[in-house]
2 protein chains.
Amino acid sequence: MSCETETATTLKDAGQKVTPQRMLILSSVRHAGGHLTASQILEEVRHSYPYVDASTVYRTLASARVLKLVNETNMGSDDNQFEWIGKERHHHLICRSCGEVTSLDNSYLDGLASTLLEDHRFQADLDHFAIFGVCKGCVGKER
Amino acid sequence: MSCETETATTLKDAGQKVTPQRMLILSSVRHAGGHLTASQILEEVRHSYPYVDASTVYRTLASARVLKLVNETNMGSDDNQFEWIGKERHHHLICRSCGEVTSLDNSYLDGLASTLLEDHRFQADLDHFAIFGVCKGCVGKER
DNA sequence: GTGGCAGATGCAATCAATGGCACTTACATC
DNA sequence: GATGTAAGTGCCATTGATTGCATCTGCCAC
């Protein structure tokens with residue numbers, strides 16, 4: 001099954017319609033292979049379909065987020081960024097000094113998730129976490 | 001030392017000026033004893049000083065955040081919320097179903113912070129974390 | 001107390017993000 | 001293939017958040 005067919009099936013299974021705008025928006029995020037801001041996505045989509053409205057992009061991304069196709073992360077200062085959720089759940093370490101983003105394996109937060117469940121019966125969404133701090137390269141510089 | 005004097009001293013030590021606007025804004029957050037949205041703060045401050053601009057509130061909160069006097073948390077859907085940072089570092093469990101916010105002791109994330117430092121030499125800012133998920137009351141309802 | 005200046009403020013403009021509403025369209029059913 | 005309808009889209013207005021800039025003001029040095 002191609003990426004596009006798979007995306008379409010997911011939408012249909014959720015009772016949503018498959019429209020050209022949605023397919024463009026979701027393909028754009030899927031094949032970017034990283035983080036994109038909403039405005040980057042809008043720009044990208046308009047290359048092939050010029051009159052797509054910004055609100056359509058936001059609404060599509062919002063519903064895709066509910067379906068866990070993408071996630072939205074506040075990467076610090078400005079715009080929120082969107083990213084395709086592949087099979088690999090992972091987290092990010094974001095340096096607030098140089099802005100570098102490092103991926104972090106899911107295993108680091110497994111323990112926390114199960115502790116929260118045991119102690120508080122709280123089922124945490126720890127699929128994708130952004131952890132801010134200072135990276136090894138910047139620790140020296142800051143002091 | 002009163003709260004106000006302490007706040008003023010912190011500002012001065014950081015090379016910032018102590019203005020009536022800043023004192024009102026920071027006192028408002030400090031004595032709210034919880035989370036406030038930027039617009040709630042603006043409203044509150046205008047009770048005693050009607051012509052404070054929204055941009056002043058945002059700028060003051062932004063610089064106070066750098067000084068670690070307050071922190072800013074995305075509590076889910078809409079506005080960001082601000083909270084005074086007391087001596088007690090703590091985290092929040094936020095239920096995405098009912099919106100309930102539970103405080104979580106700092107100890108839960110200590111382990112993660114030291115692991116990140118060991119494995120990645122990454123100095124994480126784990127002073128205040130918002131963890132989304134489903135609370136015990138809502139786990140049943142969601143299914 | 002006066003003067004100078006870096007930092008802070010207020011205003012206006014701007015951008016991101018969202019919601020209302022009328023129109024359009026995908027798609028299930030016949 | 002034609003039809004009905006609920007979901008999706010585009011446009012417009014609005015709100016939240018931020019920035020540029022001219023003016024103002026704490027506050028330090030004298």
Side-chain angles (χ1 to χ4, degrees), chain A residues 4-5 7-26 28-29 35-46 48-67 69-70 72-82, chain B residues 4-5 7-29 35-46 48-67 69-82:
Chain A
E4 276 62 35
T5 319
T7 305
T9 308
T10 309
L11 288 176
K12 278 194 196 169
D13 287 352
Q16 301 193 352
K17 292 183 183 172
V18 178
T19 66
Q21 289 93 332
R22 301 197 147 198
M23 293 311 292
L24 280 168
I25 293 165
L26 296 177
S28 161
V29 179
H35 297 90
L36 286 174
T37 64
S39 57
Q40 284 174 323
I41 296 168
L42 182 59
E43 203 182 329
E44 172 99 9
V45 169
R46 281 188 171 157
S48 29
Y49 200 118
Y51 297 107
V52 177
D53 197 71
S55 61
T56 301
V57 173
Y58 286 107
R59 280 185 283 225
T60 302
L61 290 171
S63 64
R65 195 180 46 178
V66 173
L67 298 180
L69 288 175
V70 302
E72 184 178 2
T73 314
N74 181 331
M75 300 297 263
S77 51
D78 45 358
D79 302 352
N80 280 6
Q81 307 213 335
F82 293 87
Chain B
E4 276 61 36
T5 318
T7 305
T9 308
T10 309
L11 288 176
K12 278 193 196 171
D13 287 352
Q16 300 192 354
K17 290 184 184 170
V18 178
T19 67
Q21 291 93 330
R22 302 199 145 199
M23 293 310 291
L24 280 168
I25 293 165
L26 296 177
S27 294
S28 162
V29 180
H35 296 89
L36 286 173
T37 63
S39 55
Q40 284 173 323
I41 296 169
L42 181 59
E43 203 182 329
E44 172 99 8
V45 170
R46 281 187 171 158
S48 30
Y49 199 118
Y51 297 105
V52 177
D53 197 72
S55 62
T56 303
V57 173
Y58 286 107
R59 279 186 284 225
T60 302
L61 291 171
S63 64
R65 195 180 45 179
V66 172
L67 298 180
L69 288 175
V70 302
N71 61 44
E72 185 179 3
T73 314
N74 181 331
M75 299 298 262
S77 50
D78 45 0
D79 303 351
N80 279 6
Q81 306 213 336
F82 293 88

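Just so you know, these numbers use all the heavy atoms, side chains as well, and skip hydrogens, waters and symmetry mates. Below, read A as the first sequence line, B as the second, and so on, with proteins coming before strands; counting in each chain starts at 1.
What separates CG of B:Leu42 from C1' of C:dC11 is a distance of 14 Å, to the nearest Å. Atoms CD (B:Glu43) and P (D:dT15) sit 15 Å apart, rounded to a whole Å. Residue A:Leu11 contributes atom CG, which lies 19 Å from atom P of C:dT25 at whole-angstrom precision. The interatomic distance linking B:Glu72 (CD) with D:dG16 (P) rounds to 15 Å, in whole Å. Following rounding to the nearest Å, B:Leu26 (CG) and C:dA8 (C1') show an atom-to-atom distance of 13 Å. A straight line from CG of B:Leu61 to P of C:dA8 spans 14 Å, rounded to a whole angstrom.
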Dump the pairs, protein N or O against N or O of nucleotides 10-14 of chain D, anything under 3.5 Å, distances to one decimal.
residue : atom : partner : partner atom : Å
D:dG10  : OP1  : A:Gln21 : NE2          : 3.0
D:dG10  : OP1  : A:Tyr51 : O            : 3.2
D:dG10  : OP2  : A:Asp53 : N            : 3.4
D:dG10  : OP2  : A:Thr56 : OG1          : 2.6
D:dG10  : N7   : A:Arg59 : NH2          : 3.0
D:dG10  : O6   : A:Arg59 : NH1          : 3.3
D:dG10  : O6   : A:Arg59 : NH2          : 3.3
D:dC11  : N4   : A:Ser55 : OG           : 3.3

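To the nearest 0.5 Å, atom OG1 of residue B:Thr60 and atom CG of residue B:Asp53 are 10.5 Å apart. Atoms CG and CD, on A:Leu42 and A:Glu44 in that order, are 10.5 Å from each other to the nearest 0.5 Å. Note: A:Glu43 CD to A:Ser28 OG = 10.5 Å, rounded to the nearest 0.5 Å. The distance from atom NE2 of B:His35 to atom CD1 of B:Ile41, rounded to the nearest 0.5 Å, is 11.0 Å.
Identified under the salt bridge (charged side-chain N to carboxylate O under 4.0 Å, His left out) test for residues 10-20 of chain B, with sequence neighbours left out: none. Listed by first and then second residue, the salt bridge (charged side-chain N to carboxylate O under 4.0 Å, His left out) pairs that reach into residues 57-67 of chain A are A:Arg65-A:Glu72, sequence neighbours excluded.
Among residues two or more places apart in sequence or in another chain, the side chain to side chain contact (heavy atoms under 4.5 Å, CB included) test is passed with B:Leu24 by B:Val45, B:Ser48, B:Tyr49. Legend: residues meeting side chain to side chain contact (heavy atoms under 4.5 Å, CB included) with A:Leu11, ordered by chain and number and at least two apart, are A:Gln16, A:Val18, A:Arg22, A:Met23, A:Leu26, A:Leu67. For A:Ala62, the side chain to side chain contact (heavy atoms under 4.5 Å, CB included) criterion is met by no residue, not counting sequence neighbours. Every side chain to side chain contact (heavy atoms under 4.5 Å, CB included) that B:Gln40 has, sequence neighbours left out, goes to B:Leu36, B:Thr37.
Between the two ends of the helix from C:dG1-D:dC30 to C:dC30-D:dG1, each summarised by a five-pair axis, the helix axis turns through 40° (rounded to 10 degrees).
For the OP1/OP2 pair of D:dA17 and a distance below 4.0 Å, the side-chain nitrogens and oxygens of B:Tyr58 include at least one atom meeting the criterion. A sub-4.0 Å separation between OP1 or OP2 of D:dT9 and a side-chain N or O of A:Arg22 is present.
Side chains of B:Leu61 and B:Val29 form a contact here, defined as non-hydrogen atoms less than 4.5 Å apart.
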Where along nucleotides 22-30 of chain D does protein come under 4.0 Å, by heavy atom, of base (B) or sugar-phosphate alone (S), with - for untouched nucleotides? ---BBS---

